[in-house]
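Keep in mind that this is a model prediction, so the values were computed, not measured.
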Amino acid sequence: MKDDSRLVMTELFDAPKRRVVPVLVPMPAPTPYSYAVPDGVTVTPGSIVQVPLGPRQVVGVVWDGPEDQTVNPKKLRDITKVFDCPPLDQNMRSFLHWVAAYTLSPPGYVARMALRAPAAFDPEPMIEGLRFTGYKPERITPARERVLELAADGLSWTKSGLAHASGVSPSVVDGLTKQGAFEQVFLPPPPLVAPPDPDYMVHRLAGPQLEASQDILATLAKGGFSVSLIDGVTGSGKTEVYFEAIAETLRRGKQVLILLPEIALTANFLERFQDRFGSKPGEWHSDLATRTRERVWRQVSTGDIRVVAGARSALFLPFEDLGLIIVDEEHDPAFKQEDRVFYNARDMAVVRARISGFPVILVSATPSVESQVNCNAGRYHLVHLPTRFADAAMPDLHLVDMRRHPPERGGFLSPVLVRAIGKTVERGEQALLFLNRRGYAPLTLCRVCGHRFQCPQCSSWLVEHRFRNQIQCHQCGYNEPTPNACPECGTLDHLVACGPGVERIAEEVEKHFPDKRTLVLSSDLGGVKRLRLELEAIAQGEADIVVGTQLVAKGHNFPLMTLVGIVDADIGLSNGDPRAAERTFQLLSQVTGRAGRTGRKSHGLLQTFQPQHPVMQALVSGDASAFYEREIGERERAALPPYGRLVSIIVSADNRAEAEGHARALRLAAPSGTDIAILGPAEAPLALIRGRHRFRLLVHGRRSSDMQGFVRAMLQNGPKERKSIQVQVDVDPQSFL
DNA sequence: AGCACGCCGACT
DNA sequence: GTCGGCGTGCTC
C-alpha cells in the first residue's frame, strides 16, 4: 500500500507537463476538446491537425482560448499530426466562431465546413518531370528523333506530355530515359487556373452602367467594410458593373469570391468571366471531383487562386487574403443551407466582410425584402440600374384576366394567349410557356368512387407523368406504373386527371399548333447533359414553343424568344409561406426577363384570376416599390408576438420529420392562444427584420418529452438556463453590424 | 457525427 | 438458440 502511494506521488511530480491546447473536432460538442501537444511539435491557434477521437482519427482546428482545466488529464491524448498548410487566420476563426454562435450550431460543425477537402491539408505533391541531359543514345529511331527534337530546348516535360506532344507512345520516352537521355526532375504542380488579368478586356461602360460602376468604385476607394446592393433589371448589365469592382480588387492584390446559386454557376458565366479577365475563376460547388476540390482548397489557402466562383459553401474557404465578396442573385433561396448548420450565405458573407473589413456587393434584379429594408434603413448602399442597355428592351407585360377570358373546356390556355402564341410562331419567333408543375397532372382521381391517388409513404398526391407512364410522389420519390383501374372500386378506365402540368400544357399546345415543334423542359426528363443539349437546340431555333418548369428561369438565354406566357401566375400565392408573394414576384420577373434580349419587340402574358393582386400590379407596371412597401408592412404585421410569450423557437433536429414532431409537442404543451413559430435559424432574420432586439430562443433537445417539459417550465418561469436542456438566448444579428 | 453497448422481437 | 432493430451514452 505504502509503495503504491509513493508511486502515485512520484508520477505526479515527475510526469512531464504536457502542453495542452483546445481543438475543435467535427462533432456536436458545445466546446473544443483538449489535446496534448507532443514534444517538438509546434501549433498555433488555427493550425489544422489530426487528432484521435474515440476509435478514429479526425481533422480538427487548434482553437483560441485557455485549455479546459476540468478535463481529466488521464483522458488527454496526443495530437497525431500537424498538417503542413497555412493555419486559419484570426479573422477566419472569428468568423467561424460568430457563425456558430449566431446559427446556434456546434462550433465543430462550422469548423468542419471550412475543412471540406479530405486530403488538401498537405502540400500538393511535386510532379515528376523529365529533362534532356544532353546525351543522345546511339540507336536513334524516327520516334526517338521526334522526342529528342522537342526536348532539346532543355525545358522540363512530363512523361505523358512529352509522349503526347511528339506523337509517340510513352514507352519510347521510357526507353530514352533508360538509356540516359533524360533525368528525373520534380516540378511544382501547375496552378488550376491562370491568374486573372484585371485589364484583359475592359468593357467600355456608359450611361447608368458607368454611373453605377463609378458609385461602386467610390465605395471601394473609401476602404473598409461596406455593403452595396446593385438592383438592376435583367439585362441591365449588373455583371459588367461588378466585374469592374473585381478588377479593382485584383489590382490591389486581394482575392475575390463570387457567390452564386448553384444552378447559376454555368459554363456561360465562367466564359463571361474569362472574356473579361482572360482566364476562368476557380470553381467551387457540390459536384466537383474530390481531387479538384482539394486542389482548389489548397490553392485558395495559398493565394494561388485569386478569384473563386462558388456556391454557398465557398464562403467557408480559407482565403489567404480575401478582399471582396459578390453575392449574385442575392434573393435566391439557394443561399440558405437548411441542414446541420443553418445559415444564409448572403448574410454570413456580410458578416465575414465585416469581420475582415472589406466590401460586399449584393446583386439582384429582384432584391429580397430583407435587403430592401437594409437599404431603406441606410445599412446597405443602394445602386440602382433602371434600364436594359443597348437595344434590349424589357418585354411588354400584360395580364390576362382568366375570369373574362376563360380557356376552352378541358383546356388551360386562354384564347388571348393562344392567339399570341400563333402570331409569334407565324413570325418565326419562339414562345415560352411557363408552368411550375412537373408531369401531366398534379392529381388523379376515380370518376366513379372519387378515390384520389395518394402516396403510401407520405400522403401527398401522386403526380401522373405520361412520358414515363408513371405516377410519382414529388415529395419522397415513390412511383408506380400508371394504373388503369381504380384500386378502390376496381372500375376500369374511369380515372381522370385534375389540373395541369407541363406535359398537359404541351398536349394542349400541340392540339392548337400541330405543325409547330413543341418541346417540354422539365428537370425530370433526363440528366444535365440532355438538358444542355436541349437548351442549345432551343437557342438554335430548333423548337417553336417551349413549355418549361422553373428551370427555364435561370441563366439560359433564348435569343429568339419574343413571347413568354405564364400559364398560372397565381400558383404559390396562397401556400401559407410568409414569403409567398415575394417569391412569386421574383420567379415571374425572372421568367419574363428571359424574353426580349433580341432587340425585337417582345411580350409577356400572365394568366391570372387575381389581376388586382399587388404581385401582378408590380409585374406589369415595372415599378416594384409599392409592392416592397406593402411586403414590409405585411412582415411587420405578421411579426411574432411580443417577448414574454414565446417569440420563436428554433428547433435543432436531425430532419424535417423530427422538427415537425417537436412542433407538435410544443403546441400540445403550450396553453391555447400561445403563438408558436418554428423557424430554422436561416429564417430567424425574417422575424427580426426591423432590427428590433427581440429575443430568439433555441432548444437543443432531441426528445419530445423533454421539449414538453421545457415549454411548460418556460411558460411558467420565463426562459432561463435549465440543466436538462440548453437554452440559448441571443439578439438580433443587426446589432452586430 | 460515428460507434459501441444493450435490450427485446422474428427467424436462418 | 442467434440476428438485428434503435434507444442511450460516450468521445478530450
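Residues A/Ile471 and A/Glu480 are in side-chain contact: their nearest non-hydrogen atoms beyond the backbone lie under 4.5 Å apart. The closest side-chain heavy-atom distance from A/Thr44 to A/Val62 is not below 4.5 Å.
Note on A/Pro26: nothing from the nucleic acid sits closer than 4.0 angstrom, heavy atoms only. Residue contacts for A/Pro52: at a heavy-atom cut-off of 4.0 Å it reaches the sugar-phosphate backbone alone, with no base atom in range.
When rounded to the nearest whole Å, the span between CE of A/Met27 and P of C/dG9 equals 16 Å. As a whole-Å value, the separation of A/Arg112 CZ from B/dA1 P is 8 Å. We find that CD of A/Gln57 is positioned 15 Å from P of B/dG2, with the value rounded to whole Å. One can place CZ of A/Arg56 at 12 Å from C1' of B/dA4, the figure rounded to the nearest angstrom. Regarding A/Leu76, its CG atom lies at a distance of 12 Å from the P atom of C/dT11, rounded to whole Å. One atom, CZ of A/Arg77, and another, P of C/dC10, lie 16 Å apart when rounded to the nearest Å. To the nearest angstrom, P of C/dT11 lies 10 Å from CG of A/Leu53. Taking atom CG of residue A/Asp68 and atom P of nucleotide C/dT11, one finds them 13 Å apart after rounding to whole Å.
With 3.5 Å as the limit, one finds a donor-acceptor pair spanning the side chains of A/Ser368 and A/Glu330.
At least one side-chain nitrogen or oxygen of A/Tyr109 sits closer than 4.0 Å to the OP1 or OP2 atom of B/dA1.
Classification of the A/His451-A/Phe453 ring pair by plane angle, with boundaries at 30° and 60°, yields perpendicular.
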